Visitor: 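Starting off with a structure, shown below.
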Amino acid sequence: MTDAAKPLSPDEAFRPPRNQWWDVWDQFKTHRGALAGLAVFVLIIAFVVLGPLIWQVDPGQINIRERNQGSSWTYPLGTDQLGRDLLARLMYGGRVSVAVGLVAMLLGLVIGTLIGVLAGYFKLLDSPLMRVTDLFLALPLLPLLLILVTLFRDVLAKTFGESIGVFLLICFAIAITSWMQTARIVRGDVLALKEREYVLAARSIGTPSSRINTRHILPNVLSPIMVSATLGIASAIITESALSFLGLGFPPDFPTWGRILYDGRDWIEQYPARVVWPGVMISLTVLSVNYIGDGLRDALDPRIRGR
Amino acid sequence: MLSYTLRRLAFAVPTVLIISLIVFLMLDMAPGDPTGSLPLTIPLEVREQIRISLGLGEPVMIRYFKWLYMMCVTEPLHIVQGMTGWNIAPEGPRILSWQTRSPVGDIIVQRVPQTLWVVGMGYLFGILIALPIGVISAYRQYSWFDQVGTFVSMIGFSVPTFFTGVVFILIFAVWLGWFPSMYDTTHVVRDWNSFVFQAKQIAMPVAVLALYNASQISRFMRASMLDNLNQDYVRTARAKGLGEKTVVLVHVLRNSMIPVVTVIAIGIPTVFTGAIITEQIFRVNGLGDALIRAIYVSDWPMVQTITFIFAILIVLFNLIADVLYGILDPRIRYD
């Protein structure tokens with residue numbers, strides 16, 4: 001305490017407090033890969049969300065006379081064996097793939113955060129919940145996903161309709177097999193945070209546990225949650241495409257990137273574009289999301305930030 | 001250490017049992033019925049007899065314990081008998097596949113070598129590529145080698161294997177015609193020419209897996225090396241006049257390998273399950289292919305057994321990884 005604090009100049013003293021998210025953004029900007037990833041990701045989202053508004057072609061429109069066309073002005077990326085426009089199919093397929101990625105990630109995040117917070121905060125629940133997490137980590141995930149999808153596809157398709165049912169099932173199946181890492185990270189952070197003085201202070205003035213968690217603990221575990229969210233999108237998109245690729249995902253008239261790739265595989269020798277385009281879209285999305293995750297991890301780490 | 005291992009083992013067994021029970025109950029709820037695909041002209045009584053002959057007449061738990069007994073005692077003994085010729089296999093029923101009516105164990109024994117060759121070589125090459133890349137990337141951090149290496153590993157890590165596989169087929173099988181696009185499992189290596197053919201047909205699936213595994217392991221290797229390069233003991237080693245080669249390759253590398261070895265051990269079972277996709281692309285009839293085919297035709301005994309094997313592998317290698325970590329790193333004390 002010998003160093004007297006440097007007196008602030010009036011400008012500095014009256015500067016409005018700076019939101020920490022600006023600091024995060026400043027750090028994020030310095031990561032070139034992350035910025036490029038963000039730009040590509042925004043472009044892809046624009047492609048799948050706004051694309052169909054501009055390119056108004058029905059992706060399910062069968063036109064046998066125009067089948068197996070190459071690139072032309074009417075069909076920028078050509079048509080498939082039933083004469084359906086590949087560009088439109090890529091746009092609609094992207095909608096489904098990205099939607100699956102986001103919904104599955106959110107679901108997984110909610111489950112993981114909930115279990116992580118419960119296990120970290122309540123001592124009684126810690127051991128049983130962590131045993132469950134260990135059990136899930138020991139499950140063979142891909143085989144289990146395949147089994148889940150085959151078993152419940154027909155049941156859910158009957159209750160919710162073909163497309164919605166499969167969508168819900170795939171999102172749920174991916175979420176239930178991917179929440180474990182989030183839960184572990186969140187639990188570890190909560191364990192450390194709940195011993196801090198400010199949590200003790202909050203408890204001493206009678207804050208109920210639920211409020212302590214939502215107001216004081218959750219905002220402080222947000223960084224690891226955000227990083228695992230971005231990685232979650234990437235792995236959910238890959239898993240969905242892998243399921244579609246194995247023929248156990250969405251039905252054939254319901255395009256997703258994985259499904260288009262799977263359908264195009266039989267024509268790879270004559271029309272390689274049909275395999276390459278959806279594959280490039282999947283890879284670009286996952287690559288951009290992974291780069292965003294990398295940048296976010298650096299930006300949210302206070303030890304790196306500001307250096 | 002030994003008591004820790006035993007404790008973990010005591011915990012691993014119930015884990016595997018619970019997993020197998022979960023999968024068994026899930027498959028039991030399945031709407032698919034093995035008699036469902038039979039002609040409708042078969043009368044109900046006969047249908048019921050077929051169900052009983054398939055072992056479906058009893059309550060779930062009895063069937064589960066019967067399956068567990070066959071899985072843990074009958075099938076392994078039959079497999080050992082098949083390999084050694086000793087007469088040790090017990091009498092009694094075996095787990096029958098619904099699609100082929102032959103014992104599941106026999107099918108798995110036929111399928112395992114292909115998977116082991118392709119997946120094992122893919123993993124081995126992946127490690128061999130990843131380690132030097134990780135070491136050099138970390139030692140020359142931010143150099144062009146590091147930039148290129150991290151970029152390539154990011155791509156290898158992000159691009160799903162089903163797309164790399166398809167691209168490899170497109171480039172090397174369709175355009176260049178160097179390698180066959182399908183894996184011929186009936187091929188036998190007899191002489192030099194057949195060996196060359198075998199090497200050619202295994203090249204692409206191995207390359208796909210190696211690329212994917214290498215990109216993951218090299219990221220770990222690089223991070224682990226970077227952690228160690230700034231440690232005090234490195235400065236001490238340099239200060240006492242050791243050559244740069246000794247410092248990096250003996251002192252730093254050995255310490256950096258500790259987490260990497262455990263990552264490699266944990267990764268082995270996921271490679272098995274992940275290879276399902278690679279086996280599908282190149283039509284390798286390995287274990288993953290058997291699983292996919294069984295799922296397509298609702299052959300639940302087969303699915304159950306292969307999933308159980310995967311679960312055992314995962315639990316076993318997690319255990320191995322933990323024990324290895326304790327052995328390699330004397331700072332870790334489990335008791």
Side-chain angles (χ1 to χ4, degrees), chain A residues 33 37 131-132 134-155 158 234-235 237-248 257-258 261-262 264-265 268-270 272-273 275-276 278-291 293-294, chain B residues 11-12 14-16 18-19 22-23 26-27 29-32 150-151 154-155 157-167 169-171 173-175 181 266 269-270 272-277 280-281 288 291-292 294-296 298 300 303-304 306-316 318:
Chain A
R131 290 291 86 78
V132 172
D134 287 347
L135 191 75
F136 266 85
L137 278 171
L139 287 172
L141 294 180
L142 190 62
L144 201 71
L145 267 171
L146 296 173
I147 296 171
L148 271 176
V149 172
T150 5
L151 289 188
F152 299 108
R153 184 157 51 177
D154 295 338
V155 184
K158 253 180 227 152
S235 69
I237 289 178
I238 288 194
T239 313
E240 184 273 317
S241 327
L243 286 178
S244 296
F245 184 78
L246 294 174
L248 291 166
W257 287 336
L261 182 64
Y262 174 69
R265 201 177 55 154
I268 183 167
E269 292 189 14
Q270 298 98 321
V275 179
V276 172
V280 165
M281 292 307 289
I282 298 171
S283 311
L284 265 184
T285 315
V286 174
L287 193 64
S288 65
V289 169
N290 276 341
Y291 264 115
D294 251 19
Chain B
F11 207 76
T15 310
V16 171
I18 293 174
I19 291 173
I22 292 174
V23 177
M26 244 170 62
L27 291 177
M29 286 194 304
T150 18
F151 182 67
M154 194 65 160
I155 289 181
F157 173 75
S158 300
V159 178
T161 45
F162 52 85
F163 185 49
T164 21
V166 166
V167 168
I169 290 184
L170 193 61
I171 296 175
V174 178
W175 289 345
S181 69
I266 290 177
T270 46
F272 268 94
T273 54
I276 294 172
I277 292 169
Q280 281 297 303
I281 303 170
L291 177 71
I292 294 281
I295 288 178
Y296 283 153
S298 307
W300 300 146
V303 175
Q304 166 80 7
I306 296 179
T307 328
F308 187 67
I309 293 173
F310 284 155
I312 292 178
L313 283 176
I314 294 177
V315 173
L316 186 72
N318 278 347

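Keep in mind the model is a prediction, meaning the values are calculated, not measured. Reminder, nothing fancy here: chain letters follow the sequence lines and each chain counts from 1.
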Visitor: Looking at OH of Tyr262(A) and CZ of Phe162(B), how far apart are the two atoms once the value is rounded to the nearest 0.5 Å?
Guide: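 Atom-to-atom, Tyr262(A):OH and Phe162(B):CZ are 13.0 Å apart.
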Visitor: Among Val280(A), Thr285(A), Leu141(A), single out the residue with the greatest number of heavy-atom pairs under 4.5 Å to chain B.
Guide: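 Max contact count across the listed options: Val280(A).
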Visitor: Looking at chain B, which one of Gly247(A), Ser283(A), Gly264(A), Pro278(A) has the largest number of heavy-atom pairs inside 4.5 Å, strictly under?
Guide: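 Greatest number of close heavy-atom pairs with chain B: Ser283(A).
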Visitor: Check each atom of Phe136(A) against the heavy atoms of chain B and say whether the ones under 4.5 Å are side chain, backbone, both or neither.
Guide: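 Neither; nothing under 4.5 Å.
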Visitor: Which heavy atom of Gln280(B) sits nearest a heavy atom of Arg265(A), and at what distance?
Guide: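 Closest pair (atom of Gln280(B), atom of Arg265(A), distance): O-NH1, 3.6 Å.
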Visitor: Measure across Ile19(B) and Ala138(A) and return the closest heavy-atom pair with its distance rounded to 0.1 Å.
Guide: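 Shortest heavy-atom contact: CD1-O, 3.6 Å.
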Visitor: Do you know which of Val23(B), Ile22(B), Val159(B) has the most heavy-atom pairs under 4.5 Å to chain A?
Guide: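 Most heavy-atom pairs within the cutoff with chain A belong to Val159(B).
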Visitor: Let me know if Ile306(B) has heavy atoms under 4.5 Å from chain A in its side chain, its backbone, both or neither.
Guide: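 For Ile306(B), no heavy atom lies under 4.5 Å from chain A.
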Visitor: Drop me the distance from Ile147(A)'s CD1 to Leu291(B)'s CG, to the nearest 0.5 angstrom.
Guide: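 So the gap between those two atoms works out to 6.5 Å.
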Visitor: Is it the backbone or the side chain of Ala242(A) that comes under 4.5 Å from a heavy atom of chain B, or both, or neither?
Guide: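 Contact with chain B involves both backbone and side-chain atoms of Ala242(A).
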Visitor: Which atoms of Val166(B) are under 4.5 Å from chain A, going by heavy atoms: the side chain, the backbone, both sets, or neither?
Guide: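 Answer is both: backbone and side chain atoms of Val166(B) are under 4.5 Å from chain A.
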Visitor: Checking Ser241(A) against chain B: side chain, backbone, both or neither under 4.5 Å from a heavy atom?
Guide: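 For Ser241(A), the contact with chain B is made by backbone and side chain together.
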Visitor: Contact part of Ile238(A) toward chain B, heavy-atom cut-off under 4.5 Å: side chain, backbone, both or neither?
Guide: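 Both parts, heavy atoms under 4.5 Å.
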Visitor: Which bit of Leu248(A) is near chain B, if near means a heavy-atom gap under 4.5 Å: side chain, backbone, both or neither?
Guide: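 Just the side chain, heavy atoms under 4.5 Å.
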Visitor: Test: salt bridge (Lys or Arg N to Asp or Glu O under 4.0 Å). Region: residues 134-147 of chain A. Which pairs qualify, not counting sequence neighbours?
Guide: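 Every salt bridge (Lys or Arg N to Asp or Glu O under 4.0 Å) pair that includes a residue of residues 134-147 of chain A, provided the two are not neighbours, is Arg131(A)-Asp134(A), Asp134(A)-Arg184(A).
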Visitor: Side chain from CB out, backbone as N, CA, C, O: work out which of these in Tyr296(B) comes under 4.5 Å of a heavy atom of chain A, or both, or neither.
Guide: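 Just the side chain, heavy atoms under 4.5 Å.
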Visitor: What's the separation between atom OH in Tyr291(A) and atom CZ in Phe151(B), rounded to the nearest 0.5 Å?
Guide: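 Output value for this atom pair is 5.5 Å.
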Visitor: Side chain, backbone, both or neither: which part of Leu142(A) has a heavy atom under 4.5 Å from chain B?
Guide: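 Answer is side chain: those atoms of Leu142(A) sit under 4.5 Å from chain B.
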Visitor: Please list, chain by chain and in numerical order, all residues satisfying side chain to side chain donor-acceptor pair (under 3.5 Å) with Gln304(B), sequence neighbours excluded.
Guide: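 Per chain and number, Gln304(B) pairs via side chain to side chain donor-acceptor pair (under 3.5 Å) with no residue.
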Visitor: Answer with side chain, backbone, both or neither: which region of Leu170(B) has an atom nearer than 4.5 Å to a non-hydrogen atom of chain A?
Guide: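 Interface part for Leu170(B): both.
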Visitor: Nearest heavy-atom pair of Phe163(B) and Val276(A): which atoms, and what distance?
Guide: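 What the structure gives for the nearest pair is CZ-O, 3.7 Å.
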Visitor: Side chain, backbone, both or neither: which part of Val303(B) has an atom under 4.5 Å from a heavy atom of chain A?
Guide: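 Contact with chain A is through the side chain of Val303(B) alone.
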Visitor: Between CD1 of Ile292(B) and CG of Leu246(A), what distance do you get to the nearest 0.5 Å?
Guide: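 Result: 4.5 Å between the selected atoms.
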Visitor: Name the member of Ser158(B), Pro160(B), Ala311(B) that forms the most heavy-atom pairs with chain A at distances under 4.5 Å.
Guide: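 Of the candidates given, the most pairs with chain A belong to Ser158(B).
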Visitor: Relative to chain B, which segment of Ile282(A) carries a heavy atom at a distance below 4.5 Å: side chain, backbone, both, or neither?
Guide: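 Just the side chain, heavy atoms under 4.5 Å.
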Visitor: Side chain, backbone, both or neither: which part of Ile295(B) has a non-hydrogen atom closer than 4.5 Å to chain A?
Guide: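 Interface part for Ile295(B): both.
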Visitor: Determine the option with the most heavy-atom pairs under 4.5 angstrom with chain A, choosing from Asn318(B), Val16(B), Ile277(B).
Guide: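 Sorted descending by pairs with chain A, the first entry is Ile277(B).
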Visitor: For each of Val289(A), Leu144(A), Leu137(A), Leu146(A), tally heavy-atom pairs with chain B at distances under 4.5 Å, and name the one with the top tally.
Guide: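 Counting heavy-atom pairs under 4.5 Å, the top option is Leu146(A).
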Visitor: Below 4.5 Å from any heavy atom of chain A, which atoms of Ile281(B) appear? Answer side chain, backbone, both or neither.
Guide: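 For Ile281(B), the contact with chain A is made by backbone and side chain together.
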Visitor: Looking at chain A, which one of Thr164(B), Ile314(B), Val167(B) has the largest number of heavy-atom pairs inside 4.5 Å, strictly under?
Guide: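 When all of Thr164(B), Ile314(B), Val167(B) are compared, Ile314(B) has the most.
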Visitor: How long is the span from the CE atom in Met26(B) to the CZ atom in Phe152(A), to the nearest 0.5 Å?
Guide: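 It is 6.0 Å, given to the nearest 0.5 Å.
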